[in-house]
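First comes the structure, then the notes that go with it.
All ligand and atom numbering here is 1-based and tracks the order in the structure.
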Amino acid sequence: MTHQDASGGDPIRLLADCARRVEAALDNALATSALAGEHPRPERLVAAMRHAALGGGKRLRPGLLLATARLFGRDDEGVVLAGAALECIHCYSLVHDDLPAMDDDDMRRGRPTVHKAYDEATAILAGDALLTLAFDLIAAPAVHTSAAVRLEASRELARAAGHGGMAGGQMLDLASEHRDRSEQEIRLLQAMKTGALIRYAARTGARLADASGPDLERLTRFGEIIGLAFQLADDLLDVEGDAARLGKAAGKDADAGKATLVALKGVAETRAELADLVAEAEALLAPFGARSAELVALARFVADRDR
Ligand code: GRG
């Protein structure tokens, strides 16, 4: 079934539309009833996973994946499943990052964090199970007719999330708290911790829509730019943002003694870099003409966001 895009290029509508579709896929995947061949799913674990994954979040990563696939003419529920897989990894990372052993947060997406709503052991298991569910979803036959493409999408997801990607970036972040970090170190850890999943979103949207080799590389670079813009905007929000609007605490970086690019370069220079990144993103997509309007709008939204 091909989905009719309801966004008209407006990033807020695009993300809302994506959120609705991803929410439905996640709701289905997180049913309490067991699938054929599974043992019964413990209700408390499913409830904690649902708390983590449903009813909140901007759904930026799946939004980027879906919009990239659409650029190359694909927009069906198989791509939504891939977006849902990516969102599972993101949600797991938030659950674990919020734990007392990590960032120790009480609020996330305007609600109590999973370990507050349930307990720490349940939150750890909910994160583990969301991480695992991601690989069930990305392997679904609807994701792509070619098993080889699905395998590559799975392998890249593992690498984006793993020790050479997001988890590795989190390790670098923890290891460098309360000490000076060079700009190069900060850029590397951010490219891993937050950049890797965002890069994956753009790359995989293109891959699943059978983009050519050069287009895949172009969209990969686009994803890297968006990842960096996302992080710079996040650092600015941590300095200037409003906790009520963010749905989580602000000022955490300074409190934790984290050297961010904003702390190193200042707000004005960070804003200038963000503007350069948006311009670079637009230049990269220029060959696609009007078809790239959605992705350009998404890039601007990421750079200008207030939550
Ligand atoms: C625990 C393995 C492990 C990794 C954690 C990504 C991450 C690594 C931690 C998240 C910590 C954090 C708040 C980082 C800042 C950037 C970020 C990922 C913000 C949250 O992402 P959004 O803004 O959140 O896309 P929503 O709620 O909209 O999905």
| task | Between Arg109 and ligand 1, find which residue part has any heavy-atom pair under 4.0 Å and reply side chain, backbone, both or neither. | result |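 For Arg109, only side-chain atoms sit under 4.0 Å from ligand 1.
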| How does Leu60 reach ligand 1, by side chain, by backbone, by both or by neither, if only non-hydrogen atoms under 4.0 Å count? |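 No part of Leu60 is near ligand 1 at this cut-off.
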| query | Counting heavy atoms only, which of Met171, Gln170, His90, Arg305 comes nearest to atom 8 (C) of ligand 1? | reply |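 When every heavy atom of Met171, Gln170, His90, Arg305 is considered, Gln170 comes closest to atom 8 (C) of ligand 1.
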| task | Determine, considering heavy atoms only, which of Asp97, Leu197, Val302 sits nearest to atom 9 (C) of ligand 1. | result |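 Residue with the shortest heavy-atom distance to the ligand atom: Asp97.
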Under 4.0 Å from a heavy atom of [X]: give me the atoms of ligand 1 that qualify, with their elements.
X	value
Gly57	26 (P), 27 (O), 28 (O), 29 (O)
His96	1 (C)
Ser93	1 (C), 4 (C), 5 (C), 6 (C), 7 (C)
Thr194	16 (C), 18 (C)

salt_bridge([X], [Y]) N-O dist < 4.0 Å:
X	Y	answer
Glu23	Arg20	no
Arg187	Glu183	yes
Arg44	Asp119	yes

| message | Heavy-atom contact check, 4.0 Å cutoff: does Arg59 meet ligand 1? | response |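 No, Arg59 has no heavy atoms under 4.0 Å from ligand 1.
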| query | With a 3.5 Å cut-off and no angle check, do the side chains of Thr113 and Arg108 form a donor-acceptor pair? | reply |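 Short answer, no.
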| query | Is a side-chain donor-acceptor pair under 3.5 Å present for Arg41 with Thr32? | reply |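 No - no donor-acceptor pair under 3.5 Å links their side chains.
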| request: Decide salt bridge (charged side-chain N to carboxylate O under 4.0 Å, His left out) for Arg181 and Asp173; before the verdict, give the C-alpha distance in whole Å, the side-chain angles of both, and the deciding distance to 0.1 Å. | output: CA-CA 10 Å; Arg181 299 188 244 207; Asp173 202 8; 2.8 Å; yes
| request: Quick one: name the residues clustered hydrophobically with Met171, using the 4.5 Å side-chain heavy-atom rule over I, L, V, M, F, W, Y, and just say none if it's on its own. | output: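 Result for Met171 is none, singleton.
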| ligand 1 N/O within reach of Arg108 N/O, cut-off under 3.5 Å |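 Between Arg108 and ligand 1 (N or O atoms, distance only) the closest approach is not under 3.5 Å.
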